[in-house]
Every structure is written in C-alpha cells, then in structure tokens.
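Worksheet: the structure to be examined is printed underneath.
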Protein chains: 2
Amino acid sequence: MGISDVIAGFIQEALDDADGVLELQRGDLAQRFNCVPSQINYVMSTRFSPEHGYIVESRRGGGGYIRITRVQVDRQTLMMHVINSIGDTLDYPSARAILTNLAQSEALSVEVATALLTAVSEGALRTVPQEKRDALRADIVKQVLIHFV
Amino acid sequence: MGISDVIAGFIQEALDDADGVLELQRGDLAQRFNCVPSQINYVMSTRFSPEHGYIVESRRGGGGYIRITRVQVDRQTLMMHVINSIGDTLDYPSARAILTNLAQSEALSVEVATALLTAVSEGALRTVPQEKRDALRADIVKQVLIHFV
DNA sequence: AGCAGAAAGGTCAGAGATAGTCAAACAAAA
DNA sequence: TTTTGTTTGACTATCTCTGACCTTTCTGCT
C-alpha cells in the first residue's frame, strides 16, 4: 500500500469525524506524511474525484486551503444507477431523456433538471469541438447528479 | 484564516447591524486590526466588489470615509445585471461568487445555483483544455441564467 | 479669493505564502 | 515485457500583505 492510500485513508477518517466537509492545508498534509506537496494533488485527483463522490475546492496564497466535501450518498439508489449507466459520452437527446425521467420521478426538481439540460445544450457547448461535446456532457451531467445523490 | 477574512467578517456583521449601509474610516479600521491602511482597499476590492453584491463609495480629505452598501434589486434587474456583467470568460471563483449571491438574494434556488456551480466546476470541465474553460464556463452560466430570467 | 498645510483615501509593485501543473523517473501489475 | 499507477521536483499561478508614493478634500490664514 503506497503513501497515496495512506493519505486517502487519513482524509476519509477525518471526513467522517468532520461530518463530510473538511478543510486542510496542502503543505501541512505533505509534511505530516513526509511527501512532496504535489503528492496531495495526485491523491485528490485519483481518490477524491467527482466520480468518487467528492467535490474539491481550493485557494492559493496566504491562508490557502483545500476543501473536500463528500456528497450525501444514502438517498437515491436510482441516482447512482443512472449515474453508473452514463458512459464516457452522452448525446443531447439522451441527456434530455435521462433528466426528464429524473424530474418525473421527482428525484430532481423540474428547475434543476431544466437548468442542467440547458447547461449541456448544444447552444451552451457550442464553442466545444463537436467531437468532444458528448464526452463533456457526460462529465457535467454525472458530476451534477453525483452532487444531488 | 488571514486578516482579510477577519476584516471582511467584521464588516459583514456591521452591515447586518446597520441594515445594509455602513460608513467607516479606513484609518480607524486599519488601526483596529493592526494592519496597513491599504489592506482595507484590498479587502474592499476582493470581498466587497459589485460581483459580491456591494457598492463601495469613498471620499478623501478631512472627514473622509468609505461607504459600503449592500445592494438589493428586483430579480429581473439583478439577473440582467449579472448576465451583462459576465464577459467572454468566467473563472470558477467568480462563478461561485455570482451564484452564491444569486442564491442569497433568492433570485435562484439554492438547488439550481448549486447544480449550476457544480456543472461548471473544474472537475466537471476537466476534459476541456485549460485555456478554453473560462470561455465555456461563461457560455454555460449565461445560457442557464438567461433561461431563468 | 488664494494658498499652504493637514487629513483623509488610492495605487501599485514587490515580497511572502500557498496551491497547481507537468513530465520524468520509478514501481507494480497484467 | 508492456501497461498502468505512483512519486518527485522544477516551474508556474494565485492570493495576501506591506510600504512608498500619489491624489483629493478640508481648514485656517492672509
């Protein structure tokens, strides 16, 4: 088990204690585990990505921090199911179908579903090369849904 | 937490007590928090910008002051103002400030604001080349906001 | 009125403190 | 052996704090 796993475990525990939201300093953590600071970035991107159910925000400069939020996971298996069913790409009609479904089954409010659909519409993504839109759409939808689970 | 956050917190509280309008002296504040006066300017420009929902006016000379006003406008106006204020690019911290502000002033529900913020987070857009993210983020946010006016 | 000095606030660039990126070296797994 | 995952460190980006210098306004004196 490498150092990345140890760090990830430490953060998981701290998140449990802290009720799902944790703010820490990259330098501190690096020192505590005797590794280079960028190792923390690696851990964040491989263990606390949106797919894993976390949101990571940060700030540089004096008093900087990394904030990790674990999204609630107990509410809807439906959501998880939907999320898992979304592959690496998602075209607009499929997105529309999925979101309409979720709204109809009241897993999402109509407002949220509409907002999200608009966010991934061809219009909103028009500056993204055609061939990359579906991948991006999948990312965005998954991330938002994960956030709402 | 740095001194800027402390000062900002103090001002927020004072604004609450004072019903949204506050007049204070730069030198006084600096002395109270034991910092250089220009630190106050820094706090103004980073924490009380129009983007955050404040108007800051000031006057020099004897009896000079800094006046901070928390703005409250009707939903339509606020939305239009916000949409117009978004240029061709929008970084994540700005998006967060804008959406937090819209949620606080109840122009958007917390759910929608959160969903949109997640949709334009660095995580969700990670497959988009760094240099194109801010432009895309601006597009998405504007498109969704227009949809909600 | 005109002017000088005092009493504010403003600007900007540099130093310090954090965090992020990326690619190369290394290690583990298939 | 090929592929995938991990670790490192040099370089970069961003946020905060400070101080020297600048501009505006007020007040009192002539």
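Side-chain atoms are counted along with the backbone in the values below, which use heavy atoms only and exclude waters and symmetry mates. Just so it is clear, the structure is predicted and the values come from calculations on it, not from any experiment. Each chain gets a letter, A, B and so on, in the order the sequences are listed, and its residues count up from 1.
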Distances under 3.5 Å between protein N/O atoms and the N/O atoms of nucleotides 1-3 of chain C, please, pair by pair.
none

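- Distance alone, capped at 3.5 Å, places no donor-acceptor pair between the B:Glu51 side chain and the B:Ile98 backbone.
- What separates CE of B:Met44 from P of C:dG9 is a distance of 11 Å, to the nearest Å.
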Can you check side chain to side chain contact (heavy atoms under 4.5 Å, CB included) on A:Leu29 and A:Ile11, steps first, answer last? CA-CA 10 Å; A:Leu29 206 53; A:Ile11 292 174; 4.0 Å; yes

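- A donor-acceptor contact shorter than 3.5 Å links the side chain of A:Arg133 to the backbone of A:Arg126.
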Which protein N or O atoms sit under 3.5 Å from an N or O of nucleotides 14-16 of chain D?
{"from": "D:dC15", "atom 1": "O4'", "to": "A:Arg60", "atom 2": "O", "distance (Å)": "3.4"}
{"from": "D:dT16", "atom 1": "OP1", "to": "A:Arg59", "atom 2": "NE", "distance (Å)": "3.4"}
{"from": "D:dT16", "atom 1": "OP1", "to": "A:Arg59", "atom 2": "NH2", "distance (Å)": "2.2"}
{"from": "D:dT16", "atom 1": "OP1", "to": "B:Arg47", "atom 2": "NH2", "distance (Å)": "3.3"}
{"from": "D:dT16", "atom 1": "OP2", "to": "B:Tyr42", "atom 2": "OH", "distance (Å)": "2.5"}
{"from": "D:dT16", "atom 1": "OP2", "to": "B:Arg47", "atom 2": "NH1", "distance (Å)": "3.4"}
{"from": "D:dT16", "atom 1": "O5'", "to": "B:Tyr42", "atom 2": "OH", "distance (Å)": "3.0"}

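- Of the possible donor and acceptor atoms, one in the side chain of B:Thr114 sits under 3.5 Å from a partner among the backbone N and O of B:Val110.
- In this structure, B:Leu29 places its CG atom 14 Å from P of C:dA8, rounding to the nearest Å.
- At whole-Å resolution of the value, CD in B:Gln25 and C1' in C:dA7 are 10 Å apart.
- Both B:Ser58 and A:Tyr65 lie near DNA chain C, and the one whose nearest nucleotide falls closer to the 5' end is B:Ser58.
- With B:Lys142 contributing its side chain and B:Gly87 its backbone, the two residues share a donor-acceptor pair below 3.5 Å.
- Put simply, the side chain of B:Ser49 never gets that close to the backbone of B:Thr46: no donor and acceptor are under 3.5 Å apart.
- B:Ser121 and A:Gln143 share a donor-acceptor pair across their side chains, judged by distance under 3.5 Å alone.
- Taking atom CG on B:Asn34 and atom P on D:dT18, their separation rounds to 9 Å, with Å as the unit.
- Of the candidates C:dG10, D:dT18, C:dG20, D:dT18 carries the atom nearest the B:Val36 side chain, counting heavy atoms from C-beta on.
- Proximity of a side-chain donor or acceptor of B:Ser38 to a complementary backbone N or O of B:Asn41 within less than 3.5 Å is not detected.
- Between A:Phe33 atom CZ and D:dT8 atom C1' there is a gap of 18 Å when expressed in whole angstrom units.
- The local environment of CG in B:Asp17 is crowded, with over 12 non-hydrogen atoms from other residues, nucleotides or ligands closer than 6.0 Å.
- Contact between the side-chain N/O atoms of B:Ser38 and the OP1/OP2 oxygens of C:dT11 is not found at any separation under 4.0 Å.
- Whole-Å rounding puts the B:Asn41 CG to C:dC12 C1' distance at 11 Å.
- Regarding A:Phe48, its CZ atom lies at a distance of 14 Å from the P atom of C:dG20, rounded to whole Å.
- Enclosure of atom CD in B:Glu13 is not indicated, since only 12 or fewer non-hydrogen atoms of other residues, nucleotides or ligands lie within 6.0 angstrom.
- The backbone N or O of A:Glu57 sits nowhere less than 3.5 Å from a side-chain atom of A:Arg67 that would complete a donor-acceptor pair.
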When every nucleotide of nucleotides 25-30 of chain C is labelled 5' to 3' by its protein contacts under 4.0 Å (heavy atoms), B for base, S for sugar-phosphate only, - for none, what sequence of letters results? ------

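- Here the P atom of nucleotide D:dT25 and the CD1 atom of B:Ile66 are 15 Å apart, to the nearest Å.
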